[in-house]
Amino acid sequence: MGSRWTVEQVLALAPDGGSVKAARTLARPRTWSALGSTDSLVWGKCQGSAREPYQVTVDVTEPAFRCSCPSRKFPCKHGLALLLMWAAHDGAVADLDTASDFAAQWAAGRQERSARRATGSPPDPEAAATRQAERERLMTAGLDDFERWLFDVVRQGLATVRTQPPQFWDDTAARLVDAQVPGLAERVRTMGAVVHARADWAEYLLDQLGRWYLAVRAWRRRATLPADALGDLRALLGWARRSEEVLAGERVHDRWWVLGLRQEEDERLLSQRTWLYGQNSSEMVVLLDFAAAGGTLRVPQVLGSVLDGELALYPGSAPRRALLAGEHTVTTGDGLPVTDTVLGALDKAATWLAGNPWLDRIPMALGEITLMPGEQDAVLVDRAGSALPVAAGTDVWPLLALSGGHPVEVFGEWIDNRFHPCSVAAAGKLVSV
């Protein structure tokens, strides 16, 4: 068997200090089973909050990691903990001649994909169909179980649900992750905190329960859904599409105006949304970029710039997600290329929601809008006197300073019936707020 790493080599792979601390806590054999290693692989199963233990495998020749947990950190705490136990060389992770089935299957899949890339050969359609059928089987079983949970929540009453501990939500989310439905799992997990943070928690929870139940019913009819509806459903459930698949699909060439940028970060993930508007197609699209918490996103598109080139569009309803395709010529724009009144923006939002009931962020470009600060929440008022509430906690002073209290053009996101400003047109230029 090959030589094992040192603890220092393992910890050097950690994405942040929090992962190191969590990994040290997990690096105890009593929470693990099916541990083992070969010259190239280290594997084990770690019992977490889910019903089934997480399957963890590391290819130490690169290294490469695979874990069935929902974490988006790379490597996750389970992968680091496994390597810490392996590095300790205290007998917990034994040297074996052959890998366990789940580790060997992952390693074989990696070798197969590597060989295809090297030879340029297309993927095996029969193997791909088998993998898809297995995933759909897992998802169906998981969503059937989730439907029973939804019925239990309604049967017990919303007031009872609010008294449940965080584990009530975490366990349900973990089962969805096991069923390969990570997108819906994240929404369920987040709800555990939301029901205690919002004054309108009961109304909001009931609304979300309805949307989740709609997703369960839609999944059962997936074979008859239109392509855009199926795309929306897959995005909600977390069944991602490969970039190559998107790039091979529908493309639109246009002059794409960069209207607004928004970054969000939690303990696991840094995400960035870049909203673009097609000058000729009138399409509003969003670019999504992700990095592990503490990591670095690629350089964002410059606010107010105009990209002349092609975008590849994900299947789904408007406003659609997109990928940059090929080279783009970049110039500078002047303000916002399109604006709506408040009523016009709300009408468009209603149309988009009718097409995609799981849409949680809606872009809005408002013209001739005036910020009106209030004792509690601020509002944006247009020339006709129609108003939108600004999201609570928004720092409105930059917007007020740039507008000087006069009507301006503002771009932002409509989330949970509140407006979140992203940019304002000041002196002919878009400025982030």
Who are the side-chain contact (heavy atoms from CB on, under 4.5 Å) partners of [X], not counting sequence neighbours?
X    : result
L214 : P357, W358
K348 : D340, W352
D200 : R198, E203

Please report the interatomic distance [atom1]([X]) to [atom2]([Y]), rounded to the nearest 0.5 Å.
X    : Y    : atom1 : atom2 : value
W414 : L353 : CH2   : CG    : 11.0 Å
L150 : W212 : CG    : CH2   : 7.5 Å
R262 : Q272 : CZ    : CD    : 11.5 Å
L276 : L324 : CG    : CG    : 7.5 Å

Audit row: E147, R217, salt bridge (charged side-chain N to carboxylate O under 4.0 Å, His left out) steps and yes/no = CA-CA 9 Å; E147 182 184 52; R217 298 302 297 262; 5.1 Å; no
Whether over 12 other heavy atoms sit under 6.0 Å from [X] [atom1]:
X    : atom1 : result
Q105 : CD    : no
D308 : CG    : yes
Q167 : CD    : no

Can you find a side-chain donor-acceptor pair between [X] and [Y] that sits under 3.5 Å?
X    : Y    : value
Q279 : W257 : yes
W106 : T57  : no
E283 : W256 : no

Minimum side-chain heavy-atom gap P53-C46 below 4.5 Å = no
Please table the atom pairs, donor to acceptor, closer than 3.5 Å between any side-chain atom in residues 227-237 and protein atoms at least two apart or in another chain.
from: D232; atom 1: OD1; to: S317; atom 2: N; distance (Å): 2.9
from: D232; atom 1: OD2; to: S317; atom 2: OG; distance (Å): 2.6
from: R234; atom 1: NE; to: W239; atom 2: O; distance (Å): 3.4
from: R234; atom 1: NH2; to: A240; atom 2: O; distance (Å): 3.3

Name each donor-acceptor pair under 3.5 Å that joins a side chain in residues 17-25 to protein atoms two or more places apart or in another chain, with its distance.
from: S19; atom 1: OG; to: D16; atom 2: OD1; distance (Å): 2.9
from: T25; atom 1: OG1; to: K21; atom 2: O; distance (Å): 3.1

Please set out all donor-acceptor pairs under 3.5 angstrom arising from side-chain atoms of residues 386-395, sequence neighbours excluded.
from: T394; atom 1: OG1; to: A391; atom 2: O; distance (Å): 2.8
from: D395; atom 1: OD1; to: W397; atom 2: N; distance (Å): 3.3

task = Indicate the ring-plane relationship of W169 and W149, choosing parallel, tilted or perpendicular according to the 30° and 60° boundaries.
result =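 W169 vs W149 ring planes: perpendicular.
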